Amino acid sequence: MMNTIGAEMYIGTVNKYMTGDYKCEAKNNDSSSYLKSADISIRISVKERTFVKQFYIGSHINTTVVTVDELEVGLIFTCTVSGDPAENIKITHHGQILKEEQNASSLKFIHNAVNCYDSGAFECEAKSRNMDISSKSISMFVRCSPRPVRKIRENITSVLDAPVTLTFEALAYPAPGPKGFTWYKQRETRWLQILTNEDFQISSSGLKTNLTILNVSENDYGQYRVTSENDFGSYNQYFYLLRHGLASTKVRYEDCTSCDILTIGIVLGTICFILTIYAASVTILWKRNVSSCKNQSTTMTMKDIGIERGIQLQGQTSYVNVASASNDQGGQECLQRHIEKKATFEEDPSKTQYTDLDNFSRNKGDNVYDAIKRN
């Protein structure tokens with residue numbers, strides 16, 4: 001710009017490619033002898049806003065809906081961030097964090113084995129240092145056979161002469177649709193298909209089916225089954241329609257998640273009961289044996305012990321209780337146990353022997369001794 005006292009440059013839209021050094025130079029080109037020039041340099045750094053640029057599964061770049069097979073291994077989710085590195089970046093599924101990193105410009109998550117419950121929306125979210133949040137999402141469908149989307153209440157109760165509805169919702173892809181659900185009623189040992197008529201009404205669409213019994217009669221109580229199927233397989237769900245107030249006594253072992261725990265509990269309970277009975281029986285028998293031993297020990301003969309200890313007692317006469325059946329084996333064993341416990345004359349003869357008259361009594365007086373002697 002010529003013959004001016006200043007200059008300016010206007011930039012309309014700034015992008016990262018405008019980062020660099022800028023210089024402003026001014027000089028006097030007058031023909032006079034006085035010449036002067038000056039310049040100034042400015043460096044401009046353009047920071048781009050942090051945002052999720054791409055989020056894709058496998059090789060499906062720029063695709064927001066992806067279909068995979070169940071049990072597929074090594075499925076890779078990739079998320080890239082444009083601009084400055086994100087302060088936090090994460091991949092989530094139904095609100096659950098699958099993987100996250102700090103100060104990163106990209107993130108990868110490897111799904112080891114895909115199953116039917118992994119269907120749904122996956123999201124990559126990036127947070128900038130300015131707390132701005134950017135995200136992209138992908139819907140993934142997993143090809144799989146039908147199964148319950150949630151736990152099913154199998155026992156349904158109803159009163160007579162009232163309507164009742166049995167409902168089943170499946171998780172499957174593709175969806176079974178109206179033709180993929182079939183209802184049956186058990187009659188003795190056979191399963192009879194139910195069709196919509198004046199007594200029953202069936203409505204099925206997508207992943208859900210309903211069987212409505214318009215007016216429950218006595219013959220309507222019993223077991224029902226709904227079969228859901230698609231191109232990858234089928235699933236049978238059972239229901240029991242019971243009279244209101246009655247509990248089912250049947251146990252179905254299909255899809256039972258707590259049967260093992262119940263079986264273990266019953267076995268352990270039985271073992272504990274048997275051990276309790278056994279311990280009580282052993283205790284009673286032991287007490288009876290101890291009592292028998294005590295009775296026998298008080299009536300067993302002490303003749304042999306008296307003979308062996310006669311010399312040690314220095315001529316004192318011993319009075320003992322002699323049993324009528326001195327050869328009784330049980331009594332001998334009990335007597336032996338008492339002897340082994342040191343219940344003998346060696347401890348204190350005065351405690352286990354009763355003599356006719358000790359020396360102390362004799363010294364008390366001749367009159368008393370003579371009187372006893374004469375008698």
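One is the number of the first residue; the rest follow in order along the sequence. Predicted, not measured: the structure shown is a model, and the values here were computed from it.
The NZ atom of Lys185 lies 11.5 Å from the OH atom of Tyr221; values are rounded to the nearest 0.5 Å. Put simply, OH on Tyr238 and CG on Asn236 are 4.5 Å apart, with the number rounded to the nearest 0.5 Å.
Closest approach of Ala86 and Ala126 over heavy atoms only: CB-CB, 4.0 Å. Summarising the geometry of Asn230 relative to Ser145, their closest heavy-atom pair is OD1-CA, 3.7 Å, with the distance given to 0.1 Å. Across every non-hydrogen atom of Asp220 and Phe200, the tightest pair is OD1-CZ, 3.9 Å. Closest approach of Ser119 to Val142, counting heavy atoms only: OG-N, 3.2 Å. Of all heavy-atom pairs between Asn219 and Arg187, the closest is O-NH1, 3.2 Å.
Side chain of Arg150 to backbone of Ala170: no donor-acceptor contact under 3.5 angstrom is found. Remark: the backbone N or O of Asp132 is paired with a side-chain donor or acceptor of Ser128 at under 3.5 angstrom. Side-chain atoms of Lys99 come within 3.5 Å of backbone N or O of Lys108 as a donor-acceptor pair. In this structure a side-chain-to-backbone donor-acceptor pair under 3.5 Å is missing from Thr209 to Phe168. Looking at Thr167, its side chain never comes within 3.5 Å of a backbone N or O of Asn210 through a donor-acceptor pair.
Between the side chains of Thr212 and Thr165, at least one donor N or O lies within less than 3.5 Å of an accepting N or O. No donor-acceptor contact under 3.5 angstrom links the side chains of Thr50 and Asp84, judged on distance only. The closest side-chain donor-acceptor pair between Glu87 and Asn103, if any, does not fall under 3.5 angstrom. Side-chain atoms of Asp118 and His111 form a donor-acceptor pair, as typed in the model, at a separation below 3.5 Å.
The side-chain hydrogen bond (donor to acceptor under 3.5 Å, both in side chains) check on Ser135 picks up nothing, with sequence neighbours excluded. Residues satisfying the side-chain hydrogen bond (donor to acceptor under 3.5 Å, both in side chains) test with Glu218, not counting sequence neighbours, are Arg243. The side-chain hydrogen bond (donor to acceptor under 3.5 Å, both in side chains) test applied to Asp69 returns Arg143, not counting sequence neighbours. Among residues two or more places apart in sequence or in another chain, the side-chain hydrogen bond (donor to acceptor under 3.5 Å, both in side chains) test is passed with Arg153 by none.
A ring-ring contact (aromatic ring centres under 6.0 Å, His included) with Tyr173 is found for one member of Phe141, Phe232, Tyr117 and no other, namely Phe141. Results of the side chain to side chain contact (heavy atoms under 4.5 Å, CB included) test with Ile110 over Ile76, Leu75, Leu98 single out Ile76 as the only residue that passes.
In this structure, Tyr224 has its ring center no closer than 6.0 Å to that of Tyr184.
Atom CD of Glu198 is surrounded by 12 or fewer heavy atoms from other residues, nucleotides or ligands within 6.0 Å.
Applying the disulfide (SG to SG under 2.5 Å) test to every pair with at least one member in residues 120-161, sequence neighbours left out, gives these pairs: Cys79-Cys124, Cys116-Cys144. Applying the disulfide (SG to SG under 2.5 Å) test to residues at least two apart or on different chains, none of the pairs has a partner in residues 169-230.
A heavy-atom distance below 4.5 Å is not found between the side chains of Ile202 and Leu195. By the 4.5 Å heavy-atom criterion applied to side chains, Glu123 and Ile91 are not counted as neighbours. Under the 4.5 Å side-chain criterion, counting only non-hydrogen atoms from C-beta, Ile156 is in contact with Val164. At least one side-chain heavy atom of Met140 sits under 4.5 Å from a side-chain heavy atom of Ile57.
Val226 and Leu207 sit in two unconnected hydrophobic clusters of ILVMFWY residues. Membership requires side-chain heavy atoms under 4.5 Å apart, directly or through other members. A chain of hydrophobic side-chain contacts below 4.5 Å, direct or via other Ile, Leu, Val, Met, Phe, Trp or Tyr residues, connects Leu160 to Phe239.
Seen from the ring of Trp183, Arg225 does not count as a face-on cation partner, given the 6.0 Å and 45° thresholds.
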Show, in sequence, the C-alpha distance, side-chain angles and deciding distance for Glu125 and Lys90, and conclude whether the salt bridge (charged side-chain N to carboxylate O under 4.0 Å, His left out) test is met.
CA-CA 6 Å; Glu125 179 182 284; Lys90 59 186 177 181; 3.7 Å; yes
